[in-house]
Number of protein chains: 2
Amino acid sequence: MTNPENRPLTLRDVSEASGVSEMTVSRVLRNRGDVSDATRKRVLEAAKQLGYVPNKIAGALASQRVNLVAVIIPSMSNMVFPEVMTGISQVLEETDLQPVVGLTDYLPEKEEKVLYEMLSWRPSGVIIAGLEHSDASRAMLRASGIPVVEIMDTDGTPVDSVVGISHRRAGQQMAEAILKGGYKRIGFLGTKMPLDHRARKRFEGFTQALAKAGVEIADHEFYSGGSALVKGREMTEAILARSPDLDFLYYSNDKIGAGGLIYLWEKGVDIPNQIGLAGFNGLSLLKGLPLELASMDACRLEIGRRAAEIIAKRVEEDADTPEPSHIALEPTITYGDTLRRP
Amino acid sequence: MTNPENRPLTLRDVSEASGVSEMTVSRVLRNRGDVSDATRKRVLEAAKQLGYVPNKIAGALASQRVNLVAVIIPSMSNMVFPEVMTGISQVLEETDLQPVVGLTDYLPEKEEKVLYEMLSWRPSGVIIAGLEHSDASRAMLRASGIPVVEIMDTDGTPVDSVVGISHRRAGQQMAEAILKGGYKRIGFLGTKMPLDHRARKRFEGFTQALAKAGVEIADHEFYSGGSALVKGREMTEAILARSPDLDFLYYSNDKIGAGGLIYLWEKGVDIPNQIGLAGFNGLSLLKGLPLELASMDACRLEIGRRAAEIIAKRVEEDADTPEPSHIALEPTITYGDTLRRP
DNA sequence: GTGAAAGCGCTAACAG
DNA sequence: CTGTTAGCGCTTTCAC
């Protein structure tokens with residue numbers, strides 16, 4: 001407010017303005033230790049009057065503590081991660097920890113860079129999507145000496161703690177449900193991205209479970225980039241033009257599934273009898289469609305919450321129990337209107 | 001890698017391991033000043049070997065420079081802001097600046113808190129959504145002495161720079177287009193949130209332009225929370241049950257518009273003749289619908305890019321030209337298949 | 001309850 | 001090209 005030279009204000013300015021030692025000012029501003037009400041009041045007044053904002057950089061350097069939690073995820077436009085973030089925020093809001101997000105675009109090199117950048121701010125913990133990281137990244141995580149929670153996926157070996165679901169099993173379960181529904185000629189539509197390990201694992205689990213029943217995927221279609229809804233339409237049209245005898249389409253995510261569903265609905269196709277459909281994620285948008293798309297909940301919110309809880313707990317307890325938590329959540333199938341029940 | 005005591009490594013460790021002074025190690029690690037290739041190599045090797053990650057906290061304190069740009073936005077699940085972020089990231093990636101996101105949930109108190117928190121890290125600049133802030137927030141922004149860019153909206157008085165569109169005018173233009181399309185009985189469907197100032201301004205501009213033509217909104221419906229697609233369906237059903245004679249529905253965002261569109265399409269309503277529809281934002285999902293919803297581009301990516309450019313430029317040039325930029329972008333109408341052209 | 005001194009790990013500024 | 005000296009603005013620790 002009153003800052004004529006426009007020089008960042010320091011504790012000393014507040015000290016001088018209030019006539020209280022820097023040390024006591026610091027105590028007041030952090031609510032630490034006993035300070036008389038009179039002094040406290042004078043300090044608070046001076047601080048507000050000046051418009052003082054503490055310098056966390058100096059504070060962090062002196063105290064060797066940073067109330068930041070690095071959250072490293074592939075993307076924010078995926079619909080999945082905003083919800084994970086919500087879970088993380090919900091939990092961290094009750095602590096004095098703050099999430100800081102870094103985006104990787106599914107690129108290992110970028111993940112490495114972002115991780116390096118974030119670790120250089122010495123956060124109190126790291127929440128990072130996936131179990132697949134470059135050797136350098138894994139080394140940094142281990143060397144950091146702070147709690148690390150890998151999220152989303154449990155199919156692999158974590159550096160420290162892990163919270164997620166088994167995408168391989170998710171793919172298997174969907175395959176089993178589809179077979180039980182009596183479908184035989186199954187098409188798969190998914191993302192081309194070879195770096196989306198979770199989509200890949202679902203695909204693997206899916207084909208594997210089909211194989212166990214002697215069924216093979218009849219056709220498949222992959223995409224990359226663009227609006228998922230549009231791609232869903234286009235791929236559906238393409239795969240059915242090529243293989244008109246398909247009786248089920250399994251989409252690797254709900255958005256392309258929704259696009260396909262709208263397309264088929266337009267065409268007047270009898271769903272789920274002529275063709276059944278399923279997606280993945282359990283997005284709430286599915287309920288706004290003409291038919292509710294079958295899907296599978298990915299436990300996004302819960303994963304975020306659990307991960308944050310692990311970090312928060314470790315930060316509190318500090319030194320002791322460096323026992324890693326390994327939490328595997330159980331996704332559930334929604335049949336909706338597009339997958340015949342057994 | 002080789003960090004037995006698990007104590008954070010320091011420059012001194014690298015210095016000792018390489019037999020080079022701390023200062024020179026620092027120079028190598030920052031690519032600053034001339035260092036002989038031999039020394040550089042020794043340092044780099046030692047650093048990598050130890051798995052050293054520089055401490056930016058100490059660096060920032062010493063250099064009084066922080067390569068962070070605070071980005072303060074209401075939400076990440078809005079579809080709008082991820083795209084703004086993309087624009088910001090694109091530009092900042094070419095600099096050594098890094099965006100750090102803070103979320104406000106459209107709450108002024110939360111905005112104030114987040115802003116305080118971020119400013120206490122002394123970022124190089126602030127990009128903040130909207131022009132409406134608490135007095136305290138505005139005071140902090142002004143007192144911070146760093147470049148501030150308010151984004152999304154140009155209807156108001158910025159603290160420093162601003163990049164956005166006029167939402168009031170956007171509402172007006174849509175009203176004019178609707179009238180020119182020959183529609184008379186117009187319904188409005190939107191968010192209840194009184195804190196979404198941009199939606200409010202669009203509504204105001206909309207009604208105002210209608211009024212100028214002697215038309216009044218025939219009915220309206222507001223919602224809050226829940227899946228936008230679902231809400232769009234429900235509100236559309238509700239408003240038409242109440243006012244079956246409406247010939248146009250203007251939705252305050254594309255998602256609820258899409259929900260309404262799907263609902264009406266299901267019902268077999270003749271769009272755009274029996275009823276016309278329009279949304280707002282120009283989301284790419286619109287092209288995946290049975291009909292393309294009329295909408296208006298909000299210039300999200302461009303806003304992000306421009307804002308980041310302003311910050312980047314100011315950080316480079318430093319002291320001079322503290323001349324604020326005021327950039328008003330021009331949104332364009334998409335008629336799609338749901339709004340009759342004049 | 002309050003204050004003084006000594007750093008936190010790095011970099012600016014200068015000296016060689 | 002390399003090294004030395006002083007801090008950056010806070011908090012820790014200990015004294016009063």
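Note on naming: letters A, B, ... go to the chains in the order of the sequence lines (proteins, then strands), and numbering restarts at 1 for each one. All values below come from the heavy atoms of this structure, side chains included, with hydrogens, waters and symmetry mates left out.
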Kindly write out the residues that satisfy salt bridge (Lys or Arg N to Asp or Glu O under 4.0 Å) with [X], not counting sequence neighbours, or none if the list is empty.
X	answer
B:Glu302	B:Arg306
B:Glu16	B:Arg12
B:Lys110	A:Glu93, B:Asp105
A:Glu83	A:Arg300

Considering just the side-chain nitrogens and oxygens of [X], establish if one lies under 4.0 Å of OP1 or OP2 belonging to [N].
X	N	value
B:Ser36	D:dT2	yes
B:Gln64	D:dG7	no
A:Arg65	D:dT12	yes
A:Tyr52	D:dC10	yes

### Query
Under 3.5 Å, is there a donor-acceptor pair linking the side chains of A:Ser134 and A:Arg138?
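The answer is no; no qualifying pair exists.
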### No-hydrogen, no-angle side-chain donor-acceptor test under 3.5 Å, B:His133 and B:Glu112
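On atom types as modelled, these side chains do not qualify, holding no pair under 3.5 Å.
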### Query
End-to-end bend of the helix from C:dG1-D:dC16 to C:dG16-D:dC1 (five-pair axes, 10° rounding)?
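Nearest ten degrees gives 30° for this helix.
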### Message
Filter on salt bridge (Lys or Arg N to Asp or Glu O under 4.0 Å), then keep only pairs touching residues 58-75 of chain B, sequence neighbours left out; what's left?
### Response
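Pairs touching residues 58-75 of chain B that pass the test: none.
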Base, sugar-phosphate or nothing for [X]? Non-hydrogen atoms, less than 4.0 Å.
X	answer
B:Arg122	nothing
B:Arg40	nothing
A:Asn55	sugar-phosphate

### Query
Hey, where on DNA chain C does chain B first and last touch, going 5' to 3'? Cut-off is any atom under 4.0 Å from a heavy atom.
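Using the under 4.0 Å cut-off, the span is C:dG9 to C:dA13.
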### Query
Roughly, in whole Å, what's the span from CG in B:Leu61 to C1' in D:dC8?
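That distance rounds to 4 Å.
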### Query
CG of B:Leu11 versus P of D:dT4: gap in Å, rounded?
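My rounded result for the distance is 14 Å.
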### Message
A:Leu44: which residues meet the side-chain contact (heavy atoms from CB on, under 4.5 Å) condition with it, sequence neighbours left out?
### Response
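Expected list: A:Val28, A:Leu29, A:Arg40.
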Taking only distance into account, with no hydrogens and no angle test, what donor-acceptor pairs under 3.5 Å do side-chain atoms of residues 120-129 of chain B form with protein atoms, sequence neighbours excluded?
unit_1	atom_1	unit_2	atom_2	d
B:Ser120	OG	B:Glu117	O	2.6
B:Arg122	NH1	A:Val53	O	3.3
B:Arg122	NH1	B:Leu119	O	3.2
B:Arg122	NH2	A:Val53	O	2.7
B:Ser124	OG	B:Val66	O	2.3

### Query
Want to settle it: does B:Ala62 or A:Arg30 sit nearer the 5' end of DNA chain D, counting the closest nucleotide to each?
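First, find each residue's nearest nucleotide; the 5'-ward one identifies B:Ala62.
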### Query
Relative to the 5' end of DNA chain D, which residue comes earlier, B:Asp37 or A:Ala60, by the nucleotide with the nearest heavy atom?
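So the residue in question is B:Asp37.
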### Query
Which residues, if any, of residues 19-29 of chain A bring a heavy atom under 4.0 Å of DNA chain C?
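Per residue number, the list reads A:Val20, A:Ser21, A:Met23, A:Thr24, A:Arg27.
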### Query
With sequence neighbours left out, what residues match A:Thr154 under side-chain hydrogen bond (donor to acceptor under 3.5 Å, both in side chains)?
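By the side-chain hydrogen bond (donor to acceptor under 3.5 Å, both in side chains) rule, A:Thr154 matches no residue at all.
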#### Entry: side-chain hydrogen bond (donor to acceptor under 3.5 Å, both in side chains) against B:Lys41, all qualifying residues, sequence neighbours excluded
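Expected list: none.
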